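Being a predicted model, the structure only gives us computed values, none of them experimental. So that the names make sense, note that chain A is the first sequence line, chain B the second, and so on, each numbered from 1.
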Amino acid sequence: MAIIETFGLTKQFNGLVAVDEMTLAIDREIFGLLGPNGSGKTTTVRMLTTLLTPTSGEAKVCGHSVTASPREVRDRISYVPQDMAVDMKLTGRENVVFFANLYGIPRPRETADEALAQMDLASRADDMVNTYSGGMRRRLELAQALVHDPEVLFLDEPTIGLDVAGRRKIWEHIINLKNGGMTVFVTTHYMDEADHACDRVGIIDKGKIVALDTPTALKSLHCHEIIAIRGEGEYKGTVVPDVTFIGKTDDELRFQAISGEDSGIPLLRALTNSGMKIHSFVIRQPTLDDVFLSLIGEQEETMAFDHHRFRTMLRRRA
Amino acid sequence: MKRTFTYMERDLRRWIRGRINVITSLVMPAAWLIFVGLALPIRFTDNYLDFITPGILVLTMLGASLQGGALLMFDKILGFLQKFLAMPAPRESILFGKILAITLRGLIQTTVILVIALILGAHLLDPIFLLQTYLILFIFGVLLSSIMTTVALSLDDHDSYAAFNSMVAMPLFFTSSALMPYDQMPGWLAFLAHLNPVSYAIDAIRALQGGIFPATTIAGLLVSAVIVLSICIMTFRRATV
Ligand SMILES: Nc1ncnc2c1ncn2[C@@H]1O[C@H](COP(=O)(O)OP(=O)(O)OP(=O)(O)O)[C@@H](O)[C@H]1O
Ligand SMILES: [Mg+2]
């Protein structure tokens with residue numbers, strides 16, 4: 001039996017299909033759900049954490065149905081939502097002890113201290129949370145989630161809005177938790193992070209899973225070698241044999257080729273002939289980002305950021 | 001039950017930490033007591049302070065409850081509620097904790113107002129009277145905070161909650177029996193005042209001042225509180241699936 005199973009899981013909002021016939025089986029692993037804004041990641045997590053009722057289909061967590069026995073599911077999971085929510089006017093320790101009491105842990109203070117230490121927050125435990133950095137607040141949320149030693153941890157965009165060091169630290173903790181036997185279901189926008197940390201990833205677009213495998217398998221399956229080209233002028237769809245166009249990012253065109261070395265020069269020549277002016281080109285191994293681009297197309301990164309900024313603004317007002 | 005207290009403790013802790021709010025919410029009722037209770041030239045009684053104090057106590061509770069609904073509104077829009085709902089603790093304890101925290105907060109504030117009234121010379125220092133007054137204020141607090149929590153659950157954002165709040169606050173106070181007895185009011189006002197739940201709480205405390213135990217009024221408040229609380233629980237269940 002898999003730890004998380006879904007069968008044709010579907011959620012509609014007034015006719016809009018947010019999650020479409022999703023069927024998954026997730027074992028003890030870090031499973032990454034990747035997708036652009038509005039693709040249905042949060043909706044999926046909210047169904048699995050018993051916060052939303054599916055329109056149709058079924059989901060089981062640790063063998064318990066999210067609709068028929070939600071209490072059993074909640075006993076075994078922790079959920080850290082996308083928006084950071086910790087009490088600013090309480091200390092780090094107070095925040096975690098509060099959760100320990102809600103979970104009904106026998107020794108709330110000691111357990112909270114252990115969780116804080118595990119998240120490297122012991123030295124700041126008695127400071128008010130409004131003096132914490134963004135990364136520390138996220139780790140505090142993880143400490144809150146860990147006090148009742150859940151079997152499954154759901155993290156929705158755990159690294160959004162953090163700097164590079166902050167992100168790396170969060171992922172280190174996530175990997176440690178998995179090594180300790182926990183199942184981690186995580187959603188993210190950041191392909192490179194998923195590439196390094198996730199055992200398996202599912203790519204979701206408009207509510208549908210369009211690819212599901214280990215990062216390595218996905219890369220070798222969908223792309224061979226990548227030719228990334230920077231230049232001026234409009235791309236008119238020119239290709240040469242053994243090369244396919246996978247997409248366009250802000251400043252570059254990306255192609256995949258069976259051999260970049262063989263196809264690079266012919267491709268450049270063809271592009272120049274079509275009227276483009278080429279500034280530079282690189283041949284490299286594919287990344288998850290390339291797989292994502294070839295499956296889904298250009299990602300609107302800016303939207304996610306504004307979303308986050310808006311929530312931060314709201315929080316300051318409160 | 002234990003979880004209810006855990007949720008309540010969180011809200012009270014956060015309230016006490018926001019030191020300024022603790023003071024500012026007391027300024028209005030204290031000002032009413034001092035400037036209106038002491039200074040207004042009134043003919044229908046020689047001790048207006050004694051007359052107006054029950055009104056101000058209920059006003060304080062009213063203010064606490066109106067502000068209190070915002071607590072759940074913020075938990076909702078900031079994502080706290082999401083976290084709480086995914087936990088195994090009984091979901092209703094979120095609601096009970098809120099209502100209890102708002103009511104307790106109101107009782108602490110009314111205590112301060114009560115002390116100010118005593119210092120100003122109001123005649124209230126009878127333990128049985130005080131005990132019964134607290135009982136009435138408690139029931140009234142549960143009634144109003146359940147109403148406001150239901151409103152917060154039904155609205156989507158804090159701005160509409162604030163709008164609702166300012167729309168009802170003043171009318172509720174001025175159309176009550178807080179400032180004058182029914183026989184001194186114009187007919188239309190007396191009519192409105194008889195419909196206003198705020199009047200019932202005030203009249204009950206005034207009855208206590210006159211040495212009568214207002215059993216029917218208290219029972220009425222209690223029944224209303226239970227009804228509204230049930231509506232609140234139903235709204236909460238519907239809002240959270
Ligand atoms: N409560 C709701 N009512 C109506 N539509 C909703 C609701 N929640 C989500 N949606 C819609 O469902 C779709 C999927 O949203 P969801 O929040 O799951 O996306 P996401 O992948 O988490 O996006 P993001 O990366 O921006 O967080 C979107 O089109 C969204 O507008
Ligand atoms: Mg999301």
B:Lys83 side chain to A:Pro81 main-chain N or O, any donor-acceptor pair under 3.5 Å? no

Non-hydrogen contacts under 4.5 angstrom with chain B: give the residues of residues 96-121 of chain A involved, or none if there are none. A:Phe98, A:Phe99, A:Asn101, A:Leu102, A:Tyr103, A:Gly104

Result block: side-chain N/O donor-acceptor pairs under 3.5 angstrom for residues 132-143 of chain B, not counting sequence neighbours:
unit_1: B:Thr133; atom_1: OG1; unit_2: B:Phe129; atom_2: O; d: 2.7
unit_1: B:Tyr134; atom_1: OH; unit_2: B:Thr111; atom_2: OG1; d: 2.7

If you tally heavy-atom pairs under 4.5 Å between each of A:Leu90, A:Asp87, A:Asp75 and chain B, the highest tally belongs to A:Asp87

Nearest heavy atoms of B:Leu78 and A:Ala85, plus distance in Å: O-CB, 3.4 Å

CD1 (B:Ile128) with more than 12 external heavy atoms under 6.0 Å: no

What pairs of residues pass the side chain to side chain donor-acceptor pair (under 3.5 Å) test when at least one of them lies in residues 163-177 of chain B, not counting sequence neighbours? B:Thr175-B:Asn196, B:Ser177-B:Asp203

Run the side chain to side chain contact (heavy atoms under 4.5 Å, CB included) test on B:Gln82 and A:Arg46 for me, step by step, so that the C-alpha distance in whole Å, both residues' side-chain angles and the decisive distance to 0.1 Å come before the verdict. CA-CA 9 Å; B:Gln82 295 282 316; A:Arg46 294 188 56 200; 3.3 Å; yes

Between B:Gly79, B:Ala70, B:Ala86, which shows the greatest number of heavy-atom pairs under 4.5 Å with chain A? B:Ala86

Residues of residues 144-155 of chain B under 4.5 Å from chain A (heavy atom pairs)? none

Is the closest basic N to carboxylate O distance between A:Glu94 and B:Arg10 below 4.0 Å? no

Stepwise side chain to side chain contact (heavy atoms under 4.5 Å, CB included) check, A:Tyr79 with B:Leu85: CA-CA 10 Å; A:Tyr79 170 43; B:Leu85 290 174; over 6 Å; no

Heavy atoms from other residues, nucleotides or ligands near CD1 of B:Ile20 exceed 12 (cutoff 6.0 Å): no

Grab the two heavy atoms, one from A:Leu51 and one from B:Arg91, that are nearest each other, plus how far apart they are. CD2-NH2, 3.9 Å

To the nearest 0.5 Å, what is the distance between NZ on A:Lys89 and CZ on B:Arg14? 7.5 Å

Let me know if A:Arg76 has heavy atoms under 4.5 Å from chain B in its side chain, its backbone, both or neither. neither

Identify which part of B:Tyr7 has an atom lying under 4.5 Å from any heavy atom of chain A, answering side chain, backbone, both or neither. both

For A:Lys11, I'd like to know if atom NZ has over 12 heavy atoms of other residues, nucleotides or ligands within 6.0 Å. yes

Show your working on side chain to side chain contact (heavy atoms under 4.5 Å, CB included) between A:Met128 and B:Arg17 and close with a plain yes or no. CA-CA 10 Å; A:Met128 290 290 166; B:Arg17 291 280 161 79; 3.5 Å; yes

